[in-house]
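Chain letters run A, B, ... following the sequence lines, proteins first and then strands; every chain starts at 1.
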Amino acid sequence: MSLNIENLIVGYGARKVIANMNLPEIPSGSLVAVIGPNAVGKSTLLKAISGMVSCTGKVDFNQQDLTTLDHHQRVRHVGYLPQTLPQATSLVAYELVYSACRAVSKHTNVEQLELSIERVFGLLGIESLALRKLAEMSGGQRQMVGLAQVLVRRPKLLLLDEPTSALDLHWQLNVLQAIRAEVSSEQAIALVASHDLNLSLRFCDFLIILGPKGLLGVGRPQDVLTPDALRAAYGIEGRVEQCSKGYPVVLVDSACEVTL
Amino acid sequence: MNAVNKLATQALSVDTETIETGTLATGGMASAYRKFIIKRVVLLAVLICTAVFSLLLDISTGPAVLGLGDILLGLWSPESVNSATQVIIWDVRLPYALMALVVGACLGLGGAEMQTVLNNPLASPFTLGIGSAATLGASLAIVFDLSWVGLSYTYLLPVMAFISAMAASLIIFLLSRTLGANVHTVVLFGIALMFGLNALVGLLQFVADAGALQQIVFWTMGSLARANMEKVTLVFCVLVICFIWSLSHVWAMTSLRAGEEQAKSSGVNVQRVRLVVLLRVSLITAAALAFVGEIGFIGLIGPHIARMLLGEDHRFFLPGSAIAGAILLSLSSIVSKALIPGVILPVGIVTAIVGIPLFISLIMTRGRESVS
């Protein structure tokens with residue numbers, strides 16, 4: 001099982017956000033970070049793969065071109081977590097996750113569904129939120145519930161758009177560990193759009209670096225996250241060094257002179 | 001030392017708390033949830049009882065004094081009460097009171113669905129101009145005296161109101177479908193349509209003679225006085241059909257409460273659900289308003305009450321909104337008869353007078369909740 005992206009073109013109207021992207025094969029069991037500055041198409045890439053926006057090109061997953069499937073079939077393979085948090089409603093977390101599953105498959109085995117919900121809430125460590133209203137939760141807690149809603153279907157391809165944007169340090173690590181564990185145990189593939197370079201370096205097998213002029217690099221984090229890549233993508237002078245525990249960390253020195 | 005002790009006890013108590021919630025969750029989150037929704041089932045039952053009680057009270061209210069005992073006896077075995085009482089109960093007050101319940105339920109259900117698919121707590125069947133369209137249809141029938149089509153006047157008005165309301169909804173439906181049914185498009189079209197239709201009604205009022213003008217104004221005030229059992233049955237059938245139909249969308253609508261993107265990523269076809277629900281709301285609203293004229297606020301407040309009591313799981317929220325709407329209109333009907341003895345005020349006026357303070361108080365409680 002693997003993910004292959006060839007000649008991917010995505011645009012809103014006449015503006016091409018992603019112009020002809022080709023990615024090397026991504027094997028199953030890998031956690032991939034999609035990094036880059038604002039407005040380079042991180043979210044658009046995830047939306048295109050998930051089918052939330054239309055695209056041309058090939059998105060082969062598991063020897064099947066996802067672009068040929070209709071939305072309903074596509075969501076069986078793909079779990080897309082939007083960047084927007086779930087709304088603050090008077091629904092409790094449990095019934096939101098429950099109803100989202102019941103809404104798409106009419107003949108769900110209720111017992112099995114209850115078990116999967118329990119499994120996911122346990123995996124993310126949010127059992128205590130199950131019967132709390134979303135309106136009474138913090139943004140971070142709602143983000144966790146949103147993630148639970150995606151993971152409960154056990155999709156083989158996870159597309160997570162900034163899943164840790166509203167979380168504190170403890171929960172950021174918690175979520176990435178949970179995703180890491182899920183990807184390994186299910187032999188799934190996860191693409192995670194992120195602004196946190198150090199978290200990406202620490203947890204991900206591969207990085208996809210997008211810059212203002214398109215794809216800047218794909219590969220092992222230590223191979224592709226170079227000072228040159230940082231300069232081209234973010235316009236910053238930085239370096240990647242090893243911390244005292246041996247983990248790679250990004251250190252940023254200054255912003256480059258921007259030539260417009 | 002004391003402080004350290006205190007800290008230690010605090011830590012201990014926190015620990016036991018987490019352990020307790022932990023066991024509760026792993027020991028069956030599903031069964032905990034089942035216990036959690038029992039409260040809602042009970043509340044729903046209480047609402048139904050309240051509606052029945054309100055119905056009886058509505059029947060007993062009026063110029064001729066009838067006790068609750070007489071009413072129950074008259075309903076149970078009509079032969080055992082005198083013929084005057086029989087006529088008052090069965091021909092005058094029962095259709096009137098039932099119409100209040102049925103129309104209220106239609107407006108409550110329509111409002112709830114509208115608020116969900118437009119993701120807007122201020123949406124109601126009037127937001128998209130469906131109410132204005134019904135008024136335009138009725139006004140056309142009144143001003144241009146369409147009796148030549150062969151329908152009696154009592155049915156001509158509702159038929160015209162219904163056709164006009166459905167036509168307006170169809171316009172919104174088609175425009176939304178071609179332009180992508182996102183929330184803002186639909187709401188903006190609805191508002192534009194509402195103002196346009198109101199202008200047309202104004203034009204009709206301008207050209208109408210005094211008699212017709214009076215009738216149009218009376219229609220816009222909303223009244224249950226034209227009710228009979230036939231009409232009640234008709235509206236009731238539409239209510240039952242639409243309610244059963246709405247059950248096929250309860251899960252999709254519940255998941256939509258988390259937001260359009262979230263629902264879409266779970267695989268819900270949001271646009272299609274939105275269009276189908278709009279069609280259903282148009283049908284149920286048009287049917288309800290056709291016989292009673294403009295009755296506002298029920299479709300707005302009913303869902304708010306249901307949401308506060310029952311949450312937004314649509315398995316409970318939809319029936320809850322319908323029953324809350326029914327109770328509200330039934331109570332309004334009682335007030336419309338009781339406020340000035342011997343005079344039945346148009347019920348649309350009462351719902352607005354009672355509805356506005358109620359609505360403001362709901363907003364204020366909500367506001368306080370979100371602050372705290």
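- Nearest approach of B:Thr254 to A:Leu91, heavy atoms of both residues: O-CD1, 3.4 Å.
- In this structure, CD1 on B:Ile37 lies 9.5 Å from OH on A:Tyr94, to the nearest 0.5 angstrom.
- Counting heavy-atom pairs closer than 4.5 Å to chain B, the top-ranked of the candidates A:Leu81, A:Val152, A:Val150, A:Thr89 is A:Thr89.
- The contact between A:Tyr80 and chain B is made by backbone and side chain atoms together, counting heavy-atom distances below 4.5 Å.
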Practice item. Any chance you could lay out the salt bridge (Lys or Arg N to Asp or Glu O under 4.0 Å) test for A:Glu95 and B:Arg257, step after step, and finish with the verdict? Key: CA-CA 11 Å; A:Glu95 60 198 3; B:Arg257 287 304 301 133; over 6 Å; no
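- Both the backbone and the side chain of A:Arg102 come within less than 4.5 Å of a heavy atom of chain B.
- Among A:Arg153, A:Arg142, A:Glu111, A:Gln73, the residue making the largest number of heavy-atom pairs under 4.5 Å with chain B is A:Arg153.
- A:Met52 approaches B:Glu261 most closely through the heavy-atom pair CE-O, 3.9 Å.
- In this structure, chain A has a heavy atom under 4.5 Å from the side chain of B:Asn119, while its backbone stays farther away.
- When heavy atoms are compared at a cutoff of 4.5 Å, A:Ala100 approaches chain B by way of both its backbone and its side chain.
- Of the atoms belonging to A:Val92, it is side-chain heavy atoms, and not backbone ones, that fall under 4.5 Å from chain B.
- Counting all heavy atoms, side chain and backbone alike, A:Gln149 lies closest to B:Gln262 at NE2-O, 3.6 Å.
- Contact of A:Leu134 with chain B is not made at all, since no heavy-atom distance falls under 4.5 Å.
- The 12-atom threshold is exceeded at NE2 of A:His170, counting heavy atoms of other residues, nucleotides or ligands nearer than 6.0 Å.
- Residue B:Lys39 qualifies as open at atom NZ: its count of foreign heavy atoms under 6.0 Å is 12 or below.
- Here the closest heavy-atom approach between residue B:Ser265 and residue A:Val75 is recorded as O-CG1, 3.7 Å.
- For A:Leu85, the part sitting under 4.5 Å from any heavy atom of chain B is the backbone (N, CA, C, O) and nothing else.
- For chain B, no part of A:Ser50 is nearby; none of its heavy atoms comes within less than 4.5 Å.
- Both the backbone and the side chain of B:Tyr33 come within contact range of chain A, with heavy atoms under 4.5 Å apart.
- With respect to chain A, the highest number of heavy-atom pairs below 4.5 Å among B:Gly259, B:Ala252, B:Gly311, B:Gly267 belongs to B:Gly267.
- Classification of the B:Trp251-A:Tyr98 ring pair by plane angle, with boundaries at 30° and 60°, yields perpendicular.
- Considering all non-hydrogen atoms of both residues, A:Val104 and B:Val268 come closest at CG1-N, 3.7 Å.
- Separation of atoms NZ (A:Lys47) and NZ (B:Lys264) is listed at 9.0 Å; rounding is to 0.5 Å.
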